[in-house]
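Report on the structure given below.
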Amino acid sequence: MSQPVREASPPIVLTFAASDPTCGAGIQADLLTLASMGCHPLCVVTALTVQDTAGVEGVLPVDADWVADQARALLEDMPVAVFKLGMLGSVENIAAIAEIVSDYPDIPLVLDPVLASGRGDQFVDEEMVDAILRLLMPQTTVLTPNSLEAMRLALDESNENDHPSLAECARRLLETGCEYVLITGTHENTPQVENILYGHRGVIRTDKWPRLPGSYHGSGCTLASAIAANLANGFEVADAVRDAQEYTWQALSSGFRPGMGQYIPDRFFWARESDDVDLNGEGQFDERA
Ligand code: PXL
């Protein structure tokens with residue numbers, strides 16, 4: 001019997017993240033984004049959550065041996081172009097994942113330091129923050145904190161007078177060993193959302209985006225996965241970051257509200273008919289305010 005012709009596979013991105021059954025955030029958001037951007041996702045589940053579009057009701061970390069076994073099985077079988085890390089669930093999982101990725105030092109790693117949900121549910125304790133800083137940052141290519149996460153990761157807890165600027169947070173985070181830090185500015189009091197990419201020589205680029213009125217679930221997962229997809233597709237970091245922001249802005253501006261809580265980004269906006277996406281327009285989105 002003749003075999004079907006074997007096509008070259010799309011670039012493969014391995015994501016370690018928690019399941020969000022709403023598919024707004026978490027590993028399902030990563031999967032949708034990576035697929036939409038032409039990659040094949042590999043999904044290692046680090047925790048289960050119970051949630052709806054209004055909030056998280058429960059988190060069950062997956063046993064660290066199961067996390068490691070999922071990843072090892074995939075890595076022995078398929079060539080991974082980029083790693084992407086989201087919510088990791090436990091200190092044990094952080095340690096297991098740090099050990100696995102250290103066996104692949106040439107594979108770029110995008111770390112979305114998920115510390116809390118956009119709705120305020122806390123996902124990490126101090127021990128996990130410490131493990132992220134010590135074990136993962138030195139292996140990170142691009143770190144993608146929002147300004148609140150950057151502050152929490154960079155703050156010197158022993159000094160109550162420590163009030164670092166975001167640029168100082170970026171400097172401290174780069175000192176922990178990551179190559180680039182993209183601090184997103186959704187939570188800052190600026191007319192437009194300003195996202196700043198820092199490298200060891202300073203600011204690499206600043207991008208400003210019109211503020212959208214809705215509250216979105218999964219915007220950070222979408223952005224980090226889009227960066228990972230662009231790196232897997234061969235972009236340099238600065239271009240990967242710029243293009244990923246544009247993709248995310250479009251997914252957000254095409255977002256929809258399927259339940260009673262937050263909006264969900266539409267990662268397949270390009271596959272649906274719509275006149276909605278207009279980077280220069282602001283009026284169309286008023287109904288979501
Ligand atoms: O948006 C951050 C995030 C990541 N991963 C999971 C989540 C959330 C936010 O709720 O539930 C699983």
Side-chain angles (χ1 to χ4, degrees), residues 10-18 25-46 67 71 74-75 79-89 93-94 97-98 100-115 123 131-133 135-146 149-150 153 170 173-174 176-184 195-200 204-205 207 218-248 251 265 267:
I12 294 175
V13 176
L14 194 169
T15 172
F16 294 86
I27 208 153
Q28 291 87 351
D30 297 353
L31 184 159
L32 286 166
T33 303
L34 294 166
S36 168
M37 298 190 75
C39 293
H40 177 67
L42 302 180
C43 294
V44 171
V45 179
T46 56
V67 170
L74 297 170
L75 284 159
V80 169
V82 175
F83 292 122
K84 189 259 160 187
L85 276 52
M87 177 179 161
L88 303 178
N93 285 352
I94 294 170
I97 293 165
I100 288 169
V101 298
S102 73
D103 289 342
Y104 300 86
D106 297 333
I107 300 181
L109 187 153
V110 179
L111 173 57
D112 179 15
V114 177
L115 307 183
F123 292 145
I132 290 171
L133 291 170
L135 303 177
L136 293 177
M137 297 287 268
Q139 307 193 63
T140 295
T141 313
V142 186
L143 180 76
T144 63
N146 62 39
E149 291 163 339
L153 289 171
L173 292 172
L174 288 161
T176 67
C178 63
E179 283 180 56
Y180 298 90
V181 182
L182 173 67
I183 302 186
T184 57
N195 301 330
I196 306 181
L197 177 68
Y198 300 87
H200 286 279
I204 293 177
R205 60 177 304 131
D207 294 283
S219 48
C221 307
T222 306
L223 178 63
S225 291
I227 294 171
N230 281 338
L231 293 176
N233 280 315
F235 285 47
E236 297 297 329
V237 167
D239 293 337
V241 163
R242 202 217 76 80
D243 182 83
Q245 291 176 69
E246 178 160 351
Y247 171 85
T248 302
R267 289 91 182 185

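Using the six-membered ring where Trp is involved, Y104 and F83 have ring planes that are perpendicular, over 60° apart on the 30 and 60° scheme.
Remark: the backbone N or O of M87 is paired with a side-chain donor or acceptor of T46 at under 3.5 angstrom. Between the side chain of T176 and the backbone N or O of L173, at least one donor-acceptor pair lies under 3.5 Å. Counting only distance, with no hydrogens or angles, the side chain of D112 and the backbone of A224 share no donor-acceptor pair below 3.5 Å. Here the side chain of Q245 pairs a donor or acceptor atom with the backbone of V241 at under 3.5 angstrom. No donor-acceptor pair closer than 3.5 Å links the side chain of T15 to the backbone N or O of D30.
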Practice task
Start with the C-alpha distance between L111 and T144, add both sets of side-chain angles, then the distance that settles side chain to side chain contact (heavy atoms under 4.5 Å, CB included), and finish with yes or no.
Solution key: CA-CA 6 Å; L111 173 57; T144 63; over 6 Å; no
Practice task
Run the numbers on L136 and L88 for side chain to side chain contact (heavy atoms under 4.5 Å, CB included), then give the verdict.
Solution key: CA-CA 11 Å; L136 293 177; L88 303 178; 3.6 Å; yes
Problem - Candidate pair Y198 and Y180, rule side chain to side chain contact (heavy atoms under 4.5 Å, CB included), full reasoning - result: CA-CA 6 Å; Y198 300 87; Y180 298 90; over 6 Å; no
Handout entry: L14/L75 under side chain to side chain contact (heavy atoms under 4.5 Å, CB included): CA gap, chis, key distance, verdict
Key = CA-CA 9 Å; L14 194 169; L75 284 159; 4.0 Å; yes
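Taking each heavy atom of L231 and A240 in turn, the nearest pair found is CD2-CB, 3.8 Å. In terms of heavy-atom proximity, L153 sits nearest to L133 at O-CD1, 3.7 Å. Here the shortest heavy-atom pairing between T33 and A226 reads CG2-N, 3.7 Å. G26 approaches C221 most closely through the heavy-atom pair N-SG, 3.4 Å.
The NE2 atom of H200 sits 4.5 Å away from the CG atom of L174 when rounded to the nearest 0.5 Å. Separating the CG atom in L34 from the CG atom in L42 is a distance of 9.5 Å, to the nearest 0.5 Å. A distance of 9.5 Å separates CD1 in I183 from CG in N146, rounded to the nearest 0.5 Å. From E149, atom CD reaches atom CD1 of I132 across 9.0 Å, with rounding to the nearest 0.5 Å. Taking CG from L31 and CZ from R267, the interatomic distance works out to 10.0 Å, rounded to the nearest 0.5 Å. With rounding to the nearest 0.5 angstrom, the CD1 atom of I107 is 11.5 Å from the CD atom of Q139.
Each side-chain hydrogen bond (donor to acceptor under 3.5 Å, both in side chains) pair with one or both residues in residues 228-237, not counting sequence neighbours, appears once here: N230-D243. Under the ring-ring contact (aromatic ring centres under 6.0 Å, His included) criterion, no residue pair touches residues 218-244, with sequence neighbours excluded.
Considering only heavy atoms from C-beta on, T140 stays 4.5 Å or farther from E179 through its side chain. Counting only heavy atoms from C-beta outward, the side chains of V82 and L109 never approach each other to under 4.5 Å. Contact of the P145 side chain with the P113 side chain is registered, since non-hydrogen atoms from C-beta on lie closer than 4.5 Å. In this structure the side chain of L74 never reaches within 4.5 angstrom of the side chain of V80, judged on heavy atoms. Contact annotation: the side chain of V67 approaches that of I97 to within less than 4.5 Å [non-hydrogen atoms, C-beta and beyond]. Side-chain contact between I12 and C39 is absent, with no heavy atoms from C-beta onward closer than 4.5 Å.
Between the side chains of S36 and Y247, at least one donor-acceptor pair of N or O atoms lies under 3.5 Å.
For D207, the salt bridge (Lys or Arg N to Asp or Glu O under 4.0 Å) partners are R205, not counting sequence neighbours.
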